[in-house]
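See structure below.
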Amino acid sequence: TRSYGKSKTFSRRWHKILKTMNKGPFSYSGNKFRIWKAYLQDVMSEYDKVHEFFVGSGVCTYNSNNGGISTDLDSHVVALHNALKDEQLHTKVENIYNDYFPNGNDKSCYYKLRIDFNKDYIVNGITETNVAQLYTLLQLSFNSLLRFGPNGYNVPFGNKKLDIERIRKHSEIFRNKDISVKLGSYDTIDLNNISKEDDVIYLDPPYVASKFKYERSTGGWTDIDEANLLDYIDDLNDKGYSFILSNTFSHRGVNNDRLIEWSKKYNSRFIKMSYNQWACRVSSVSLEKNTVEVIISNITSAFNELPRAHL
């Protein structure tokens, strides 16, 4: 187990940089902003870089002092992040909106844009050209969902307001911090590029009983995936890296006994988070009232304000 590294220098710089909190460049199921804001930000502010091995919307990376290395198995997620290297991305999105929506938000205009995007996407995948169309669709779609089917992007119109500033701001952060987002599994990261003294690794894997599946070649997140991840984290600890894991002891009535037993060796704390407000708006997702969420870390001096998961 570990205490904070060179915390004070980074903490002072953090408060200067973070005039606003960043929710990530796009919305994503299981968005980590609320858990970051409530529990993680103070601890992560003590580190130079935050490396997110299940990046999603990248909330922790964009709010970090100096970026980090991130991975995801979803090529759409990776493409959306890497598109932020283009300092003109927000202008391209704005031009697309003005071209397709001359009279403001309109359902038929949205579906015309979706058709045009999918024609190119089905042939070429996500490209430097059509990724701006995808950003536009994401912001205007129902619940800003990132969802693809056999015929491409398939989320209906959501009549939402376009937020150009969100794209511009995150593009600026991406280009000015040392941020790298790679396509691949968490275990493909070269640990030689991560500082044991100054950086922290954050892991927010899918829940074993979650309906939101992590698309591996085997399909979804399995008990084997969970076991492999916990072994990997043990190896991180043995090698001297600082880590934070957020997960659940119980979800959808299923206890994660493997995680419960494994967590006894680390600093494990109960938290209370709920994504019910989001779930209520998606008919296929039932309300979750019995989820027991935890933060597990090898940083002994962290999260002392939270109740211990083990006596």
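Counting from 1, the numbers follow the sequence of the chain as shown.
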Who pairs with [X] by side chain to side chain donor-acceptor pair (under 3.5 Å), at least two apart in sequence or on another chain?
| X | answer |
| --- | --- |
| E172 | R168 |
| E261 | K264 |
| N130 | D120, T127 |

Give me the atom names and distance for the closest heavy-atom approach of [X] to [Y].
| X | Y | result |
| --- | --- | --- |
| L140 | K161 | CD2-C, 4.5 Å |
| K23 | V59 | O-CG2, 3.3 Å |
| L84 | I167 | CD2-O, 4.0 Å |
| I295 | Y39 | CD1-CB, 3.7 Å |

Q: Indicate yes or no: does D86 engage K92 in a salt bridge with an N to O separation below 4.0 Å.
A: yes

Under a plain distance cut-off of 3.5 Å, with no hydrogens placed, do [Y] and [X] share a side-chain donor-acceptor pair?
| X | Y | value |
| --- | --- | --- |
| Y62 | S57 | no |
| K169 | N22 | yes |
| T188 | K182 | no |

Q. Is the Lys NZ or Arg CZ of K196 less than 6.0 Å from the centre of Y241's six-membered ring, within 45° of the axis?
A. yes

Over 60° means perpendicular and under 30° means parallel, so tell me whether [X] and [Y] are parallel, tilted or perpendicular.
| X | Y | value |
| --- | --- | --- |
| F26 | Y28 | perpendicular |
| H310 | F249 | tilted |
| F54 | W221 | perpendicular |

